[in-house]
Amino acid sequence: MNETSCVPLVELSRGSIVESFHSGCVAVVDAAGNLRAALGDPHYVTFLRSSSKPFQILPLLENGGAEAFHLTDREIALMCASHSGTDEHLAAILALQEKVGVRESDLLCGTHPVFHQPTQEALMRRGESPTPNRHNCSGKHTGFLAQAVLSGFSKAEYINPAHPVQQRVLQTFAEMVNYPAEKVVIGIDGCSAPVFAVPLYHAAWGLARLADPRGLPEKRAQACRRVTRAMAAEPFMVAGPDRFDTLAMEAGQGKFICKAGAEGYQAIAVMPGALSENSPALGIVFKVADGDPSGRARPVIAAEILRQLGLLGEDDLRTRLANVAARPLTNWRGLEIGEIRPVFRLNLQWG
């Protein structure tokens, strides 16, 4: 990502001086493939990271997995999640694995410290270490294993890009984003599963089609509807306490779904009719150029996009999302010393 492809999106002030800023690119596309708005280069190619999870579950659902395993919205949302590893998430993962007929030892995602700090501290007090089921991607990995079980594929090496589960996932993803599978750049994510890079425009197009799957084959359209319904109905499963995706979807009440990815990526799918009576579905993606290592910029950008679209109100930003949207900055003594704020304007084209 070079300087000419990006525009400033967020700035941080100290007193009267802008001390630093985050740049990036944004693409807004409808389900017909029309680019409705852009900031920076909408064709910049980058990895979706975990923002691709709602696409990666589609083969399981369109091949009858929801019926075969009696999946609930809660479990489908969990398979789309980067969850916080709370006890509630753990209980849901164990119940899902019982239905699918797999075990924690089958997971190839590895381990990391639990995202939810109080849960991590409770584990430490008990002398316990996080296990793979507490990994933020354990739902996605259980979903991959469910695809293998459903189709009679080997569970071994289910994350190998050559495994039939991953080949099916890649083909489905490519079809959803209208991009040739052979041109999708394949990388390896932090959880060791394949991860996809495509232009922002195509990722946004895929999200719009996820929100409005009319015209897709009926089984795929039904799978898309199950994903958006589940994520909207169970936002806690998608992320967790005090995290943007959960807070925003709770406030949005079904008007949109959102899914963050690492390195400053964010995906949002706006449902048809959410902006006005006949408004189209929209896919929105953005990438923060510096990867947003502290995680401070991405929620501010996403909240501002949703505010400008009228999908989040000022009350939502002052209350539910007060700690992740634009806000004053304080020092260790609690003194207000500056502000983190968005510095962009989306100009949606409806013609």
Side-chain angles (χ1 to χ4, degrees), residues 7-11 22 24-42 48 51 54 200-214 224 227-229 231-233 235 238-239 243-261 264-288 292 297-322 324-327 340-351:
V7 298
L9 297 175
V10 171
E11 66 183 20
H22 297 273
C25 301
V26 182
V28 182
V29 181
D30 67 21
N34 299 303
L35 183 65
R36 298 286 191 160
L39 296 167
D41 181 6
L48 280 73
S51 293
L200 295 173
Y201 164 82
H202 284 275
W205 191 357
L207 286 159
R209 300 174 83 205
L210 186 73
D212 183 3
R214 288 176 293 181
C224 291
V227 166
T228 54
R229 186 185 85 186
M231 292 179 68
V238 177
R243 291 177 60 196
F244 175 80
D245 285 344
T246 292
L247 297 173
M249 286 191 286
E250 287 174 346
Q253 298 183 332
K255 293 181 179 178
F256 59 86
I257 61 167
C258 46
K259 182 67 196 74
Y265 201 99
Q266 179 74 47
I268 302 170
V270 179
M271 305 305 293
L275 304 182
S276 63
E277 184 177 355
N278 297 309
S279 62
L282 296 176
I284 305 166
V285 297
F286 65 81
K287 166 71 174 179
V288 183
D292 193 24
R298 182 174 44 76
V300 173
I301 299 164
E304 176 64 9
I305 289 172
L306 292 169
R307 186 197 70 80
Q308 290 186 23
L309 292 176
L311 296 171
L312 288 179
E314 296 297 336
D315 286 346
D316 296 319
L317 301 178
R318 285 195 300 267
T319 56
R320 192 189 302 266
L321 290 121
V324 296
R327 61 194 181 276
I340 180 168
R341 59 197 177 219
V343 290
F344 63 88
R345 181 70 193 172
L346 279 179
N347 293 308
L348 284 177
Q349 303 298 317
W350 298 113

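Just so it is clear, the model here is predicted, and its values are computed rather than measured. Residues take their numbers from the sequence shown, with the count starting at 1.
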Any Val10 side-chain heavy atom under 4.5 Å of Val288 side chain: no
Side-chain donor/acceptor of Gln308 to backbone N/O of Phe344, under 3.5 Å: yes
Heavy-atom pair of closest approach, residues Ala204 and Val29: CB-CG2, 3.7 Å
Point-to-point distance, once rounded to the nearest 0.5 Å, from CZ of Arg36 to CG of Asn34: 5.5 Å
Steps toward side-chain contact (heavy atoms from CB on, under 4.5 Å) verdict (Gln266, Ile268): CA-CA 7 Å; Gln266 179 74 47; Ile268 302 170; 4.2 Å; yes
Check: Val285 main-chain N/O paired with Tyr265 side-chain donor or acceptor under 3.5 Å: no
Heavy-atom check, side chain of Lys255 versus side chain of Val270, under 4.5 Å: no
Option from Asp212, Asn278, Asp30 for which side chain to side chain contact (heavy atoms under 4.5 Å, CB included) with Pro272 holds: Asp212
Nearest-0.5 Å distance that lies between atom CG in Asp315 and atom CG in Leu321: 11.5 Å
Main-chain N/O of Arg298 paired to Asp292 side chain as donor or acceptor, under 3.5 Å: yes
Value rounded to 0.5 Å, distance of CG in Asp245 from CE in Met231: 7.0 Å
Intermediate values then yes/no, side-chain contact (heavy atoms from CB on, under 4.5 Å), Arg327 and Val300: CA-CA 9 Å; Arg327 61 194 181 276; Val300 173; 3.9 Å; yes
Nearest-0.5 Å distance that lies between atom CD1 in Ile284 and atom CG in Leu309: 5.0 Å
pair Val238-Ile257: side-chain heavy atoms closer than 4.5 Å: no
Leu312 CG to Phe256 CZ distance, which is reported to the nearest 0.5 Å: 4.5 Å
Interatomic distance, Leu247 atom CG to Leu317 atom CG [nearest 0.5 angstrom]: 11.5 Å
